Amino acid sequence: MTADTLQIEIRQTEVSRLKEIDFNNLGFGRNMADHMFIADYSDGHWQNSRIVPYGELSLSPATAALHYGQTIFEGMKAYKSPQGDTLLFRPTDNWKRFNKSAERMCMPAIPEEIFMGGLTELVRLDSAWVPSQEGSALYIRPYMFAADAYVGVKPSDTYTFIIFTGPVGSYFAKPPRVKIETHFIRAAEGGVGGAKCGGNYAGSLYPAKLAQQEGYDQLIWTDAREHAYIEESGAMNVMFVMDGKLVTPFVSDTTLDGITRKTIVAIAHHWGIPVEERRISVKEIIDALKEGRLESAFGAGTAAVVSHIATIGYEGADYTLPEVAEDSFAKNVKDYLNQIYTGKTEDIFGWTLKV
Ligand SMILES: Cc1ncc(COP(=O)(O)O)c(C=O)c1O
């Protein structure tokens with residue numbers, strides 16, 4: 001079986017909700033498209049691949065994922081090209097990362113034909129929901145959760161895999177103010193920081209709320225041992241341009257292996273810009289800020305794309321970053337990425353998939 005030959009039972013919605021959507025005021029994460037893909041895991045294999053109208057699930061109060069957090073997800077986007085094609089960006093990388101998360105959380109892998117077959121059929125069916133406005137896209141949320149109705153800590157025997165989608169605009173309304181967190185941690189070596197599991201995000205909410213009360217939009221996490229090294233941000237990897245180089249923390253088991261991050265690293269290599277993927281101390285960044293050597297700092301992620309950081313807060317002091325220059329790497333890579341996403345420039349890397 002391949003993604004093209006996957007048997008999917010399709011039950012279409014009787015009334016589309018498309019006309020209720022204000023495509024000029026999308027926001028992020030509020031609107032869901034008409035359909036969702038579902039597959040069930042039981043008796044040791046995936047079955048019942050189906051597409052149904054987007055709607056509520058019926059769950060037992062004892063559903064294991066609700067108690068013990070055995071749940072993982074992905075985030076990806078589809079874009080509309082000027083020719084009207086729908087393009088996915090590096091979707092098999094999301095599939096691979098999903099299965100890496102599944103392994104860490106003791107969940108079954110999802111076969112490529114189910115992930116890709118379900119994804120492409122769903123996006124094709126709801127292709128009218130893919131926005132074409134500048135800066136907008138169809139956000140795609142594949143996820144899996146432990147479905148056993150059982151109380152007790154053990155891996156579930158049954159799982160549900162779902163993909164739903166929804167049109168989105170920008171993730172940040174304006175360049176974020178970020179705070180370097182030096183008390184709480186997101187992940188420690190040997191933990192689950194490298195997995196895209198629900199608990200990582202739940203644990204980040206309280207420190208993020210405290211930072212918001214201080215006037216920041218996001219956190220930059222530091223290492224669990226010393227709080228001395230930069231890890232990543234809430235839903236983005238972080239990248240710095242300084243001394244003519246692109247510098248970013250290497251990926252370890254405490255950070256998410258971001259697809260946008262590795263895409264930007266590949267583009268920088270292609271453009272002949274020196275790249276350093278290494279440990280970055282907070283001190284190094286603060287020194288570069290004070291000495292005016294930090295050209296830019298930005299977050300890289302599917303939702304945020306390339307988000308320039310306006311201000312970095314550290315131990316009570318705020319450091320304002322320079323305005324992003326017209327010919328800067330950060331601006332150029334953001335523009336180039338958006339062109340590749342939307343098929344406005346030739347995809348010489350083979351990253352996009354037309355559905
Ligand atoms: C914690 C975290 N780091 C980094 C990223 C960026 O990853 P990607 O570029 O694959 O979206 C995300 C978003 O998915 C994230 O949630």
Side-chain angles (χ1 to χ4, degrees), residues 28-29 71-79 88-102 104-105 115 119 137-144 163 165-166 168 170-172 176 178 180-181 184-188 191-205 207-208 211 217-224 229-240 246 248-268 277 280 297-307 309 330 333-334 336-338 340-341 349 351-353:
F28 200 98
T71 167
I72 58 169
F73 66 100
E74 270 303 321
M76 51 208 297
K77 279 177 174 170
Y79 296 84
L88 293 168
F89 187 73
R90 304 188 78 166
T92 51
D93 289 87
N94 290 95
W95 164 66
K96 286 179 193 155
R97 190 171 66 187
F98 193 73
N99 280 345
K100 204 177 133 203
S101 300
R104 181 63 184 85
M105 302 308 287
F115 189 98
L119 172 68
L138 185 76
Y139 189 78
I140 302 166
R141 169 51 52 87
Y143 68 110
M144 190 207 298
I163 310 175
T165 72
V168 296
S170 298
Y171 192 67
F172 293 116
V178 303
I180 297 181
E181 177 61 57
F184 296 100
I185 60 159
R186 174 185 177 276
V192 295
K196 209 162 163 60
C197 61
N200 281 339
Y201 297 83
S204 74
L205 297 177
D217 304 300
Q218 279 276 324
L219 292 174
I220 291 182
W221 298 103
T222 50
D223 69 289
Y229 297 95
I230 304 277
E231 296 259 293
E232 64 174 323
S233 193
M236 334 181 271
N237 295 105
V238 282
M239 310 188 100
F240 304 93
L246 176 67
T248 187
F250 54 54
V251 169
S252 68
D253 67 349
T254 60
T255 47
L256 196 75
D257 187 1
I259 293 163
T260 319
R261 175 194 174 283
K262 72 177 171 193
T263 299
I264 293 172
V265 166
I267 294 172
E277 297 180 70
I280 304 172
F298 58 89
T302 299
V305 190
V306 170
S307 285
I309 293 172
V333 84
K334 181 178 184 174
Y336 185 59
L337 259 181
N338 277 320
I340 295 184
Y341 289 155
F349 303 96
W351 284 328
T352 48
L353 178 74

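Numbering of ligands and ligand atoms starts at 1, following listing order. Remember, predicted model here, so these are calculated numbers, not experimental data.
Ala300 is linked by a side-chain contact (heavy atoms from CB on, under 4.5 Å) to Met239, Thr260, Ile264, counting only residues two or more places apart in sequence or in another chain. Taking the salt bridge (charged side-chain N to carboxylate O under 4.0 Å, His left out) definition, one finds that Asp93 meets it with Arg90, Lys262, sequence neighbours left out. Contacts of Ser170 classified as side-chain contact (heavy atoms from CB on, under 4.5 Å), with partners at least two apart in sequence or in another chain: none.
Between Glu181 and Arg186, none of the side-chain N atoms (NZ, or NE/NH1/NH2) sits under 4.0 Å from a carboxylate O, so this pair counts as no salt bridge.
Between Tyr341 and Tyr79, the two ring planes are parallel [angle under 30°; tilted spans 30° to 60°].
A donor-acceptor pair shorter than 3.5 Å cannot be found between the side chains of Thr255 and Glu232.
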For each nitrogen or oxygen atom of ligand 1, which protein N/O atoms lie closer than 3.5 Å, and how far apart are they, rounded to 0.1 Å?
residue	atom	partner	partner atom	Å
ligand 1	3 (N)	Glu232	OE1	2.5
ligand 1	9 (O)	Ile259	N	3.2
ligand 1	9 (O)	Thr260	N	2.8
ligand 1	9 (O)	Thr260	OG1	2.5
ligand 1	10 (O)	Arg97	NH1	2.7
ligand 1	10 (O)	Arg97	NH2	3.1
ligand 1	10 (O)	Ile259	N	2.8
ligand 1	11 (O)	Thr302	N	2.9
ligand 1	11 (O)	Thr302	OG1	2.6
ligand 1	14 (O)	Lys196	NZ	2.7
ligand 1	16 (O)	Lys196	NZ	3.1
ligand 1	16 (O)	Tyr201	OH	2.5

